[in-house]
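Notes follow the structure.
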There are 2 protein chains.
Amino acid sequence: MSAQALPKEQVLKTKWVYNFGNQQTDGSAEMRNLLGGKGANLAEMCQLGLPVPPGFTITTELCTYFYNNDASYPAELKEQIELAIQTIEQETNAKFGDNNNPLLLSVRSGARVSMPGMMDTVLNLGLNDKTVKGLIQKSGDARFGWDSYRRFIQMYSDVVLGLDHYMFEDIIDTYKRRENITKDTDITAYAWKEIVIEFKNLVEQELNKPFPQDVYEQLWGAIGAVFKSWMVPRAITYRKLNNIPESWGTAVNVQAMVFGNMGDSCATGVAFTRNPSTGENIFYGEYLINAQGEDVVAGIRTPQHLTVRGKEENKSDLPALEEVMPSIFAKLLEIREKLEKHYKDMQDIEFTIQNNKLYMLQTRSGKRTTNAALKIAVDMVKEGLISKKEAITRISAESLDQLLHPMLDPNAKKELLTKGLPASPGAATGKIVFSADVAEKLAKTGEKVILARIETSPEDIHGMHAAKGIITTRGGMTSHAAVVARGMGRPCVAGAGDIQIDYQSQKMTIGNIVINHGDTVTIDGAAGELYLGKIPMKETNLSGDFETLMNWADDIRDMALRANADTPTDALVAKKFGAEGIGLCRTEHMFFEADRILNVRKMILATNIEERNLALKELEPAQQKDFTELFRVMESMPVTIRLLDPPLHEFLPHSKKEMSELATSLNRDISDIENLVARLKESNPMLGHRGCRLGITYPEIYEMQVRAIFNAAITVKNENIALPALEIMVPLVATEEELKIVKNMIDKIANDAIKNSNLTEIPYMVGTMIELPRAALIADKIAKSAEFFSFGTNDLTQTTLGLSRDDAGSFLPKYHDLGIWPQDPFVSIDQKAVGELVKIATQKGKQTKPDIKLGICGEHGGDPASIEFFQTVGLNYVSCSPYRVPIARLAAAQAKLKVDKNK
Amino acid sequence: MSAQALPKEQVLKTKWVYNFGNQQTDGSAEMRNLLGGKGANLAEMCQLGLPVPPGFTITTELCTYFYNNDASYPAELKEQIELAIQTIEQETNAKFGDNNNPLLLSVRSGARVSMPGMMDTVLNLGLNDKTVKGLIQKSGDARFGWDSYRRFIQMYSDVVLGLDHYMFEDIIDTYKRRENITKDTDITAYAWKEIVIEFKNLVEQELNKPFPQDVYEQLWGAIGAVFKSWMVPRAITYRKLNNIPESWGTAVNVQAMVFGNMGDSCATGVAFTRNPSTGENIFYGEYLINAQGEDVVAGIRTPQHLTVRGKEENKSDLPALEEVMPSIFAKLLEIREKLEKHYKDMQDIEFTIQNNKLYMLQTRSGKRTTNAALKIAVDMVKEGLISKKEAITRISAESLDQLLHPMLDPNAKKELLTKGLPASPGAATGKIVFSADVAEKLAKTGEKVILARIETSPEDIHGMHAAKGIITTRGGMTSHAAVVARGMGRPCVAGAGDIQIDYQSQKMTIGNIVINHGDTVTIDGAAGELYLGKIPMKETNLSGDFETLMNWADDIRDMALRANADTPTDALVAKKFGAEGIGLCRTEHMFFEADRILNVRKMILATNIEERNLALKELEPAQQKDFTELFRVMESMPVTIRLLDPPLHEFLPHSKKEMSELATSLNRDISDIENLVARLKESNPMLGHRGCRLGITYPEIYEMQVRAIFNAAITVKNENIALPALEIMVPLVATEEELKIVKNMIDKIANDAIKNSNLTEIPYMVGTMIELPRAALIADKIAKSAEFFSFGTNDLTQTTLGLSRDDAGSFLPKYHDLGIWPQDPFVSIDQKAVGELVKIATQKGKQTKPDIKLGICGEHGGDPASIEFFQTVGLNYVSCSPYRVPIARLAAAQAKLKVDKNK
């Protein structure tokens, strides 16, 4: 337990227990940290004058005390609890443990945020062999009394005493079989009484001591169980995964029981103040007559709708609460309005009606779909309930992802074949193919295809582009396939390890299911699922609310937003999604196009500089055309062009067959090709001869690229199209000298190109990726030759963590489970170390050049948590894949608001 | 030019010119930075009252001024130089440019350290068509006069005017052919005069202007040439390679000429105050009667010995100076003693005798062999000239390397086949073999073998151990072969790219030379050379002086010294060389031994934990035996054991044949093996599933290793052998959690082992490698579970620089030439970034645990420059390969002295 122990004096005067109710309420919604979410909202409802059964909350500080003091309690706690019980007794006119007029209690955990894995609820606490009779007497219903008692034993034994639920169910099932009945409702009062005896025997038998009859013993047991549940493995894991500090602790809520199951004047229900699925401003909920809360959840009986409209829309035959209990319904409507006005958010409420009296048991912010969230936020701004800024913070940026891609119809029937990683969202149907070339060929005939590969490489890009979706059997969330698919907006299921692909026989098998080339499959990239056949899709449309909110976000954020885009097509998508420039144009992607790869290979195979220059000369017009088209699309927006980055061997063929084809088309001996491929092979290509290392050892390659950039700019300028702000980016710089050498070359080529043109100048900037720890650590020196830095956080993560993203798949899942990397560091930036380097580089860069432009073009540019971090650091822009631009726009606005608030 | 410009006021009053001579001497030896080495020592000799021809030094600050002001000089310089010339004129009774009594000057460059590539010397400056007659008149020797003039024109034209030397030689050669003479001495005065005319014509023809006749124009030309030579490419490259700042600049020395070539009462000579080859305390030098300095160097005439002893020892017929000019010799002896007493070091002196008068022209510390350096340092301590500390600083630590390995007899005749990189020093002769298995097999029969491989891998270790030397055709100074060979002390020539190895036909070819299996070759690892046949060796013995100096070093240094050693044999070598512990025992090396690899492979091939445990159980006794033997050797010294580090695929076979053998011996299908090898294949193994990532995903492997360690310790303890201080080291830690998990496991296994033994405790420490940038950046958190850090600077360099040492060979040579990495960062630590991370981790680690033990076990542990850095950082120990231990001992002492001095 990492929490700090409270100083002794503070413990002595600490108020551990906070009452709520109509007579006395000590807390409020602001005290969420101390009272937990549930407790704070119960107090708040009391403050609002709503009908809440009285009770009290034991603070989260007690949880901390409990763990710091060997599971013991401070001496004064007993008195505080007894006093609080007395307050409840006064308000309810009942007495805890009284044989004639027993007060019954519910005990619930309640942390700051709702947390699965912890003890949930014990109901009917305070029942024993004697008080059960008082309850029967009070309610006039023996069956209700014995049923309540057996429910209590069952629940308490499960969550407090640790006896499996199924043992108790067994007893009931045995009884029903013996009596030949099927429904619990057919069990009589007498029978429940018998079952209670059997339950108690079971407890005694299992634990060697009787079920506790002392009601205070019951209460202390339940309180201890809540605290202990804070540290059960499932809760610990959940906290680790959700970054919830252990030190927060949980509160305990103890509340007078009210019963929705004491006859037909009783009911229990749940409701949302607006429709959580569409966001429509209508009251939306369900209830059950004569039932306890758990019955609604159990789904044994069909719940009825609250409103007539709800009933009609759902074609239900059962009467609405509006009809059955009109005055109670009117009261609920009133409460609905009060809560929304008060909380300024859609609420999820629980209520119970006992003998025609309404009790509120819970209110909290309601979960909603992304579409609903958008509508509610925008509506509430229109209604004057919240500000635009507040609206911005209401939407989970990540959740927008589902709006940007087609999805499977949730109601469609479908047969799951296998699951992999949800590597790129969206759904797609098509014929399965196993090679990029075939994918491209079939796509050209108008076929929709799904490309399945063991893993993909840059050579497959054309096929990935041609395909509607991609499956790989190897690789993680940041494997080549995943990254490229997300960039292109193609759905992708990665690392589906159950699939065996056999390229030779053009089929894949999953268990004993065989899928042949051309069979139709559907993938759901958001779920990582593969289905046989065609599944109906639902196209989500970007409604007016989406646009409205996006515009508000744009007004607020101060980081600019760019996209990583290599082609005019990508650039158009990026602009459509609101990108304000290109933060990363990977020039090598152009090298893989069918009409260029041969010349690229010729260049690599060149045995001397003359041969290499000849091949480059043939490549240059194509490269220049790429840039020309890109500049026409982007017009005056900034475009960051990264010079060639990958190692040359990535462009070479790998199979004997391809090598032989290449040898034929180049009229060379195949052994030449084989020797070269062998010679260029690298042990760790990620750390090898790539990036500016290529540009320095083969300056003619970069020279060609830079010439192509400037000649393209000249062409576009002469077409009277506004010229993009050119930013030429040098990759993999580790030393001051490297950048100096390449920058000199760029400046020289730029000068020459301008001199040879009819123009007097073309503005451009030269900058570098900061993607190696060394570059970050000596950023002050590198900044001397750089007008901008773009953080390449993918490679910076790989090097800082010593973690190859192509290889991490073999242990990251285990690391995730162990909480070593609760967040995949390739998805959300590792702030402690990679982030530290970003900070160091930012500070050192500004030290040399206060106005240096700072951006980020790694995968993290589209991750909201990372974007918040970049806002803190003070970057000028983030760049992400086109399909994540809207997410990043919203996240950047949220980050700005949060950082401003924390200032 | 990165030097700072001097402020204007300072320039105005700056003294640019420092006189030296018997009348006025402004400088001293301390002023080396301002006056350069030569100038400062000339001044110092004047201060000592030695006979030095008068002159002056123009300061290095003027060089800085020159480059900061467009190659111009401050206005006041002219006056200062003219005044200085007047002083020389007074002392020499001659006048610069006077037709009857001309003063002649020499002009020499002189930086702080001697630097090849820069302008060296212009002699006889001040001669022209008129002053030459004055010189003839003064000397009474026309031939001398004209010869001096032609020498001057030739030299000045070469180094100042930029005309190639050979054009002048051509004229002389043409003359000699025409006149049918062979020796310069046969050229008459008249002929030299004619040649002078031809020389002047040549200059005018080439430059379109006559050879300068104005003596001040000559002087300014020479001064400018010296400054310009500071920035010629060869000088720049030399400075980059030797870390000499450009800002130092060079000084210019202008000095009155004295002539050793004016007849038989004249001579010139060079001498060392002790024997530079053996270090013996005897006067050692050569001279030539009637000659100028350059004649001694040119080697046209056979120089004579200074001493009778020298003459006799070298069986020379020519008389010694001691005999020919006994009084001058006595004077020289006196000067020798004076200089040694004054400089407290062996001096290299130049002198000239003009008409029976001795002049000293230079003194400087003399270059010497390592053996001589040792002897001189130790002798001088005995003579009371220097302190032990001073003696320590006198020896280049790196130079000790040549003493620790056998070397080729320098006088042996040998035929060089090819050159590669000098990857591991020492020489070896043996029969060439092309596989590790064959190497081992042949070695067992007593054959000496040289193992030649394209590259080596961990599988070849047994063969490398069996071989006397290793050659590879691929890989750099830090390739696997190089690192392992250095560790084992085997000579190695790496990356000999001209060799083509054909494993199939068991031969290698170099051009058209074919070397077959079994042919005898010799390699010189210190030179990186390969020879055909057997070359005689010279065994160097570690003399008493070596030991004496080492002991002094041990007394001074405060960093402990350990060795990287995996086996008892390595450990014994390490102890012999003075290691005080093992800083890195790589447990995986034990896995490759023939009797273990099968079980290792079984373990990897295991399909479930039971199979894996079974294989591990079979491995455990062997592993325990390794540790037992190691502990017996090391006794009470500390031993750091690193748990398994490399990725599992390194242990698997690669060729089809080996896989098939493995399948047979495991009774498994070959496809199982192939599938596993394919599945474990990694894109970037360096950043893959290795280190503690293995230990966490397969805890049973580390558990077995830790159990073996403790059971070995218990065994040794029970033999009443002092137990080493056990340090268990976890590799590749990137997160706090990883180390916590592994440490918990270690503590548990340790507890269990002790509980199961008859012992009550076994002291041990758990620590981690800091080898990833992230680990360094969060070292404060990691230190919570670590009792020691060992910096793995190899991997830290690879990740920080994004530079794979296996792949860097393709561009590092070019990077070296361009000055991007003047020092190989795998040899000498990159202080700016890798060093920065070491500093950060040290500081953060101490923040959490002030007493945390800090060491380094990368290759840098044996590099003197890196050791100095580690001393600055404050590490507790360095660990290096056994053969570098003596170097590191000395370097650590030197580092301590230097750091103390700079405090």
Exercise for the section: Nearest 0.5 Å please: distance from the CD atom of A:Q500 over to the CG atom of B:N675. Expected result: 7.5 Å
Problem - Validation row: A:W821, B:E737 side chains within 4.5 angstrom (heavy atoms) - result: no
If you look only at distance, which donor and acceptor atoms sit under 3.5 Å apart when one is on a side chain in residues 677-685 of chain B and the other is two or more places apart or in another chain?
residue : atom : partner : partner atom : Å
B:E682  : OE1  : B:H649  : NE2          : 3.0
B:E682  : OE2  : B:H689  : N            : 2.8
B:N684  : OD1  : A:M686  : N            : 2.9

Exercise for the section: Please flag which part of B:D795 lies under 4.5 Å from any non-hydrogen atom of chain A: side chain, backbone, both or neither. Expected result: neither
Problem - By side chain to side chain contact (heavy atoms under 4.5 Å, CB included) - contacts of A:P245 (at least two apart) - result: A:S247, A:W248
Practice task
Would you mind checking which part of B:L694 comes under 4.5 Å of any heavy atom in chain A, side chain (CB onward), backbone (N, CA, C, O), both or neither?
Solution key: neither
Fill in the blank from the handout: Rounded to the nearest 0.5 Å, the OG1 atom of A:T800 sits from the CG atom of B:L837 at a distance of 9.0 Å
Practice task
Nearest 0.5 Å please: distance from the CD1 atom of A:I820 over to the SG atom of B:C692.
Solution key: 7.5 Å
Handout entry: Contacting region of B:L772 [heavy-atom separation from chain A under 4.5 Å]
Key = both
Fill in the blank from the handout: Of all heavy-atom pairs linking A:T799 and B:G802, the shortest is CG2-CA, 4.2 Å
Practice task
Report the distance from atom CG of B:L777 to atom CG of A:D830, rounding to the nearest 0.5 Å.
Solution key: 9.0 Å
Practice task
Under 4.5 Å heavy-atom distance to chain A, tell me which part of B:T735 shows up: side chain, backbone, both or neither.
Solution key: side chain
Handout entry: Under 4.5 Å from a heavy atom of chain B, the part of A:I741 involved
Key = side chain
Exercise for the section: State, with a plain yes or no, whether a side-chain heavy atom of A:I696 is found less than 4.5 Å away from one of B:F811. Expected result: no
Handout entry: Check: B:K832 and A:R774 side chains under 4.5 Å, non-hydrogen atoms
Key = yes
Exercise for the section: Heavy-atom distances under 4.5 Å only: say whether B:A833 touches chain A with side chain, backbone, both or neither. Expected result: both
Exercise for the section: Please flag which part of A:R690 lies under 4.5 Å from any non-hydrogen atom of chain B: side chain, backbone, both or neither. Expected result: neither
Completion exercise
chain B shares the most heavy-atom pairs under 4.5 Å, among A:L803, A:T697, A:L732, with A:L803
